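This is a predicted model, so every value here is computed, not measured. Letters A, B, ... mirror the listed sequences (proteins, then strands); counts begin at 1.
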Amino acid sequence: MMKDRDTRLVSGKGQFVEDMELNDMAHLAFVGSSHAHAKIVHIDAAKALAMSGVITVITGKEILEHTNPLPIQADLKIPGGIWRLAKVYAMATDRARWFGEPVAAVIAEDERTAIKAADLVEVEYEVLPYVLDVKEAMKPDAPLLYEEWGDNKQVHLKFDFGDVNAAFKEADQTIKLIYSEGRASAFPLEGRAFLAQWEKNTEFLTVWGTFQTPFMARHNIAETLGLPEVKVKTIAADIGGAFGNKIHTYKENVVALASMLTGRPVKYIESQREWFVTGPHQRDVSWEGEIAFKKDGQVLGLKATVTHDLGVESTNKGIAATSIFPACCAVANAYHWKGMHIEGYGIVTNKSFYCAYRGYGKDKGIKFIESALDQVAKKLNMKPEEIRFKNFIQPDEFPYKQINNYTYDSGDYPAVLTKAVKMADLNGWREKQKELLVQGRHIGIGMAFTVEPAGVAIPNCQMGGITQARVKMLYDGTFEVYSDRTEIGQGSEKSHAIIVSDIIGCNIADIYVAPVTSDWIGQGPLSSRGAVYCASAVAKAAKILKEKLLRYASIYFEEAPEDIDTGDGKIFLRNDPEKSFTFKEMAHKVHVFPGPRGMGEEILKAHDHLPDVTTSWYSNITAETGSTYTTFCASADIEVVEVDLDTGITKILEHTHVHDAGKVISKQIVDGQIHGGIVQGIGEALTEELVYDENGILLNCSHADYLMPTALDAPDIKIGHLETPSPFTETGSKGMGEAPIIGGKAVVLSAIEDALSPFNVRVNESPVTREKLRNWILEAQKGIGGNAV
Amino acid sequence: MVVPIRLKVNGKEYDLKIEARATLLEVLREQVKIKSVHQGCQEGECGVCTVLLNGEPVYSCLTLAVQADGTEVTTVEGLMKDGELHPLMESFVENYAFQCGYCTPGFVMKAYYLLNKSDDLTEEAIRRGLVGNLCRCTGYVNIVKAIKAAAEKKRSGNWW
Amino acid sequence: MKNFVGSRALPDLIYHCPKDVESALAMLKNIKGECKIIAGCTDFIPAIRRGAWSFGDGLDVIDIKCVDSMKGVSKEGNTIRIGAATLLSDVVDSDIIRKYVPILSDAVDEMASLQVRNTGTIGGNLCTASPAADTAPPLLVLDAAVNVKGLDRDEVVSLYDFFKGPGKTVLGEKDMLTEILVPVMKLDERARFIKLGRRVAATLSVISVAVWAKVKDNTFEGIRLALGAAAPTPIRATKAEEYLAGKEASADVIDEGAKIAADEINPISDVRASESYRRDMAHVLTRKAISACVK
């Protein structure tokens with residue numbers, strides 16, 4: 001059964017939303033704003049409505065009439081900080097705040113008619129001044145996106161950890177730091193897609209879609225449309241990649257409304273252009289800070305401010321601004337610290353909204369600090385691995401209460417880095433580097449160490465730590481598994497099947513992991529929590545079910561449960577394995593012969609005769625200490641690049657990645673996450689950046705100009721494994737999906753900087769496009785001092 | 001304008017009446033009911049619509065169906081034999097060469113073409129051949145691995 | 001201002017499939033109103049989808065791929081004849097082109113992807129006339145010409161005179177490109193094409209350089225330079241050619257020639273690259289390409 005999904009997808013039997021058809025289905029196309037910021041004065045849909053095949057047009061008028069403002073998904077109470085929200089609807093009502101923002105929706109008999117009619121909707125705008133840059137947005141006379149705020153600051157967080165003043169006092173030296181990242185996001189090859197069906201007799205709304213988090217989507221849609229939650233169901237279709245980009249709840253509200261107003265099922269397949277223009281954007285941060293350290297390499301303190309360009313406000317679409325929290329805290333990474341003062345800003349601008357992309361917020365702090373550590377190492381003439389070994393949290397210190405109030409579960413950072421150094425043949429490459437430099441070739445060797453906090457649980461936020469799982473044995477002896485861990489390609493179905501098989505002892509082929517719907521309470525696979533929360537809940541349910549099955553078996557064997565074991569699809573006596581039942585036979589006994597009566601009074605009076613367990617799970621460490629995250633996998637990336645000074649071309653020669661994700665459920669799945677994440681990181685590092693022109697129009701809204709790595713841009717990747725199981729999850733696994741993109745990007749910049757060390761160029765912004773790199777070299781060659789800070 | 005075309009899709013002849021403006025992608029999905037070709041970018045960049053046209057990989061989103069009149073189109077559905085996965089597809093499954101699966105049929109068709117064209121593919125040649133098909137999930141490592149493994153299968157006669 | 005609409009629909013087409021050039025010309029003559037010649041559609045469809053080109057329903061299109069006589073590569077004496085409807089992949093695989101003007105097959109092999117090369121045509125690439133068209137610089141330095149046929153027209157136009165501006169050529173609304181004529185390279189001639197994009201493959205050129213050189217006794221007996229994505233049209237760097245002609249093929253001379261080429265072009269700044277980077281790379285790549293021809 002596990003093979004079913006694989007066989008299905010490779011042979012083209014996917015059930016993506018685009019493959020779904022319902023009787024009498026209509027199609028929706030959005031009309032997007034032509035301006036970065038404008039009042040919507042008037043919408044005239046007459047010409048569109050006159051077109052044959054057009055059913056209706058929805059504008060802000062219908063949105064105001066039939067929907068509520070989108071529910072707020074996070075409302076962090078920040079003493080002494082700023083946290084602002086805004087009232088936002090599912091579609092623009094009186095004002096458009098970014099180029100492409102949906103201002104109307106055309107519903108027609110077919111997709112082509114809807115798209116053509118969209119061009120006939122006449123929108124009269126009164127153009128408003130706009131801001132496209134955080135510095136401009138923070139000026140006192142800047143145009144405002146939300147007048148009621150008085151300025152464009154959505155978020156300001158402040159963190160004081162330890163004693164930063166003492167740390168700086170004790171330090172021998174400090175280095176000032178500047179670091180920035182360009183605007184980028186996942187944009188998996190399938191955009192958002194929804195099929196909404198309003199059944200008018202029962203007044204029930206079903207939405208199939210690219211829901212990374214069906215349960216959260218159900219609540220958000222119900223609230224937006226003013227429906228009782230019991231009357232709404234969301235179902236995750238096969239999803240063509242998500243990476244966090246499909247967590248937020250946004251356009252599906254309009255698709256659902258369209259179905260309610262027309263009484264017909266309505267389908268919306270987002271085009272790639274719309275995906276770039278109206279999709280969730282990420283990264284786009286700039287850091288300013290100072291790191292304090294002793295001359296022996298011990299880091300002591302950090303002062304830093306990170307400013308995010310959030311685009312328009314989006315706590316109503318997703319949980320974007322909250323990401324500033326881990327962006328600030330994750331700077332602590334793998335090291336001992338004495339004091340930190342970190343501030344995080346979230347500024348709104350007239351660009352598409354921020355939301356989640358693999359890494360979410362913690363990626364930013366980690367990339368920043370890894371770059372900072374390289375600077376400290378250089379200043380002290382230490383090797384990059386030496387500075388890290390010097391400051392690592394040691395294996396005997398776990399669980400470790402990090403300065404940022406996270407409790408790190410387990411790890412052996414020195415072992416991970418040592419293994420990486422060995423696998424990458426770091427010393428061999430350093431020799432080669434010297435030889436090749438003599439020949440005029442510039443090789444760079446980069447290093448990055450990532451401790452990925454996973455399994456988030458934040459108060460006052462929809463990502464609060466709720467999860468649910470169910471494992472049951474059916475009449476025919478097969479097993480069904482339910483959870484909130486939507487399959488988005490990350491292997492949740494396979495993973496859960498392996499966990500259940502390992503615990504219960506049934507064959508993987510006899511396990512069916514159900515597609516995720518809103519029936520299952522939980523937050524879905526975000527924050528790498530699948531391996532933490534969802535897997536733990538499934539494991540817990542499986543353990544409880546196994547106990548039950550042993551109890552039933554003990555009645556039929558007439559032996560004690562402790563003398564019974566399972567494995568290979570059988571339940572058997574430990575000291576006489578020939579005496580066994582298959583699970584199918586077991587199920588028959590439980591259901592039919594001798595049936596429940598054969599189980600005995602004790603079990604029946606406890607109402608415990610059903611081989612079906614539903615349970616939940618919450619992280620003990622979060623419960624005890626308030627640590628937002630539960631597991632902390634560690635990884636080391638070492639990369640070798642060659643830089644061509646003449647053109648600015650960076651070629652990746654080798655990439656080594658060693659990681660410790662605790663108990664690995666499936667090596668194939670974990671390695672797959674590593675490959676994919678690293679290549680995404682490479683894209684971020686070298687070529688991916690969303691660019692707006694001076695009018696606020698997004699210039700690269702297709703794959704032709706938003707450049708993701710092709711097979712020829714991506715390197716082969718060597719992977720090494722270590723396991724320090726987490727004491728805090730049921731399986732000992734740690735979430736690890738985000739570490740590869742974090743280290744994978746940081747290491748590219750580190751390697752390029754190393755390659756350019758003869759020129760003393762500081763590689764502290766990305767993407768490092770060919771042009772940017774070439775300019776740094778030219779400036780360095782002219783002796784303009786480069787940009788070394 | 002409605003035009004009649006004849007397409008051979010996965011070995012079966014289809015006489016179709018299509019709009020002149022219809023792309024091969026639309027016709028395959030909507031009239032022939034081949035769902036392995038996906039909608040993607042519609043601009044010939046992402047590769048999820050890749051099919052073989054007379055044995056050569058093309059973007060079905062950039063091919064007007066009328067221009068495919070009289071041609072043979074092959075998709076992954078056509079590589080199956082009596083419900084059995086083609087050895088290349090087996091290799092994709094065995095080597096975990098896909099995660100979300102959205103780009104996979106396109107990659108399989110491209111790989112099928114590359115493996116039939118040469119018995120001697122180097123890693124560089126494989127990666128170069130895969131240009132035009134994007135994948136966001138796998139980082140391409142296992143796709144390359146699956147293609148190398150499939151080449152082994154082909155060498156040992158496990159192929160069609 | 002136009003609404004932002006994701007991916008626009010193709011207009012209803014009135015499809016014409018001429019069997020030969022005469023029929024195609026007759027169609028062009030008889031069709032009133034807008035009429036587009038289509039080939040691979042690898043520019044036609046994306047341009048409509050992104051809203052760059054827009055046509056009303058009922059657009060007449062003449063599918064030039066129906067004209068078999070416009071496909072194929074042949075050699076007549078010292079001229080290679082390439083049908084305008086020849087697929088880019090057939091240009092890459094052509095024994096004749098690989099043997100006599102390999103710079104062209106090498107250049108085309110780096111274009112886009114296998115899928116695009118299997119659909120797009122060499123004539124289409126020239127007629128779309130993007131300043132960054134990759135077939136243009138090699139053909140320019142090979143001194144290629146094109147056969148233009150129209151209602152009152154049947155002439156050979158040097159490619160040097162073919163491009164008029166971004167997306168514009170000497171072709172009128174009722175003209176068509178039927179053939180590309182390329183002089184074969186002699187044994188003592190060298191040519192090299194280098195393109196630079198923003199990633200390794202499937203990337204629009206940020207700058208491209210083609211060089212054709214005849215070097216005798218370490219002197220430039222003949223030299224032609226062409227650049228793409230460097231001006232409103234693909235261009236020959238005539239000032240640089242003038243400088244290099246007759247000079248010693250030394251590293252300094254080559255560098256100076258490359259500098260002159262970089263100065264005489266007129267690149268723009270856009271989302272893909274800035275003007276200064278394009279000039280800088282024009283210098284670097286021209287130097288590289290000339291040097292490669294001199295070895």
Side-chain angles (χ1 to χ4, degrees), chain A residues 3 5-16 18-19 112 186-191 193 238-243 269 271-273 275 487-491 666 668-669 671-680 682-683 702-704 708-717 719 740 744, chain B residues 19 21-22 26 29 34-48 75-77 79-80 83 85-86 88-90 92-108 123-124 126-145:
Chain A
K3 246 206 145 186
R5 176 176 185 270
D6 292 344
T7 306
R8 230 174 19 90
L9 290 175
V10 79
S11 55
K13 297 200 191 73
Q15 272 293 288
F16 298 93
E18 69 192 49
D19 303 319
R112 183 165 185 275
F187 302 122
L189 301 187
E190 183 208 32
D238 278 335
I239 297 178
F243 313 110
I269 306 293
S271 64
Q272 287 286 294
R273 274 179 184 274
W275 196 200
E487 175 63 73
I488 48 175
Q490 88 289 36
S666 159
Q668 238 186 12
I669 289 175
D671 284 356
Q673 290 298 297
I674 291 169
H675 299 149
I678 287 173
V679 174
Q680 283 179 320
I682 289 169
S702 79
H703 290 287
M708 299 179 184
T710 65
L712 212 44
D713 294 278
D716 192 21
I717 298 168
I719 301 179
Chain B
E19 284 287 345
R21 62 161 195 258
E26 285 156 23
R29 283 187 62 84
I34 295 279
K35 300 295 185 178
S36 65
V37 270
H38 294 138
Q39 242 175 258
C41 69
Q42 305 263 50
E43 295 181 19
E45 294 284 342
C46 72
V48 302
T75 67
V76 292
E77 287 89 339
L79 292 187
M80 308 271 289
L85 291 183
H86 188 281
L88 170 60
M89 293 156 80
E90 283 273 2
F92 265 62
V93 172
E94 285 156 9
N95 290 282
Y96 198 55
F98 57 96
Q99 295 179 24
C100 79
Y102 195 68
C103 72
T104 307
F107 269 98
V108 170
E123 168 139 355
E124 154 96 18
I126 292 173
R127 285 178 178 273
R128 187 167 287 280
L130 293 179
V131 166
N133 291 72
L134 290 173
C135 176
R136 209 47 166 156
C137 295
T138 67
Y140 307 101
V141 177
N142 284 350
I143 295 175
V144 173
K145 198 159 159 234

Using non-hydrogen atoms and a 4.5 Å limit, figure out which bit of [X] sits close to chain B: side chain, backbone, both or neither.
{"X": "A/Gln673", "answer": "both"}
{"X": "A/Ile678", "answer": "neither"}
{"X": "A/Pro740", "answer": "neither"}
{"X": "A/Ile669", "answer": "both"}

Given heavy-atom pairs under 4.5 angstrom as the criterion, report whether the side chain, backbone, both or neither of [X] touches chain A.
{"X": "B/Ser36", "result": "both"}
{"X": "B/Met89", "result": "both"}
{"X": "B/Gln42", "result": "neither"}
{"X": "B/Glu19", "result": "neither"}
{"X": "B/Phe98", "result": "side chain"}
{"X": "B/Asn95", "result": "backbone"}

[Y] backbone acceptor or donor facing [X] side chain under 3.5 Å:
{"X": "B/Tyr140", "Y": "A/Asp713", "value": "no"}
{"X": "B/Gln99", "Y": "A/Gly241", "value": "no"}
{"X": "B/Arg136", "Y": "A/Met708", "value": "no"}

Distance in Å, [X] [atom1] paired with [Y] [atom2], rounded so as to fall on 0.5 Å steps:
{"X": "A/Asp716", "Y": "B/Lys145", "atom1": "CG", "atom2": "NZ", "result": "10.0 Å"}
{"X": "B/Cys46", "Y": "A/Phe187", "atom1": "SG", "atom2": "CZ", "result": "14.5 Å"}
{"X": "A/His675", "Y": "B/Cys137", "atom1": "NE2", "atom2": "SG", "result": "13.5 Å"}
{"X": "A/Leu189", "Y": "B/Cys41", "atom1": "CG", "atom2": "SG", "result": "8.5 Å"}
{"X": "A/Ser11", "Y": "B/His86", "atom1": "OG", "atom2": "NE2", "result": "13.5 Å"}

Heavy-atom closest pair, residues [X] and [Y]:
{"X": "B/Gly139", "Y": "A/Ala714", "value": "O-CB, 3.9 Å"}
{"X": "A/Gly12", "Y": "B/Pro105", "value": "CA-CG, 4.4 Å"}
{"X": "A/Ala711", "Y": "B/Arg127", "value": "O-NH1, 2.8 Å"}

Less than 4.5 Å apart, any side-chain heavy atom of B/Glu90 and any of A/Val10? no
Quick check for you: among A/Glu18, A/Arg112, A/Gln668, which has the greatest number of heavy-atom pairs under 4.5 Å with chain B? A/Glu18
Who are the side-chain hydrogen bond (donor to acceptor under 3.5 Å, both in side chains) partners of A/His703, not counting sequence neighbours? A/Gln272
For B/Arg128 and A/Leu712, what are the C-alpha separation, side-chain angles and deciding distance, and is it a side chain to side chain contact (heavy atoms under 4.5 Å, CB included)? CA-CA 6 Å; B/Arg128 187 167 287 280; A/Leu712 212 44; 3.7 Å; yes
List in chain and number order the residues that pass ring pair (Phe, Tyr, Trp, His ring centres under 6.0 Å) with B/Tyr102, two or more places apart in sequence or in another chain; answer none if no residue qualifies.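 Counting only residues at least two positions away or on another chain, B/Tyr102 forms a ring pair (Phe, Tyr, Trp, His ring centres under 6.0 Å) with A/Phe16, B/His38.
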With respect to chain A, which residue among [options] yields the maximal number of heavy-atom pairs within a distance under 4.5 Å?
{"options": "B/Thr138, B/Leu130, B/Thr104, B/Asn133", "answer": "B/Thr138"}
{"options": "B/Leu134, B/Val76, B/Ile34", "answer": "B/Leu134"}
{"options": "B/Lys35, B/Glu77, B/Arg21, B/Glu43", "answer": "B/Arg21"}

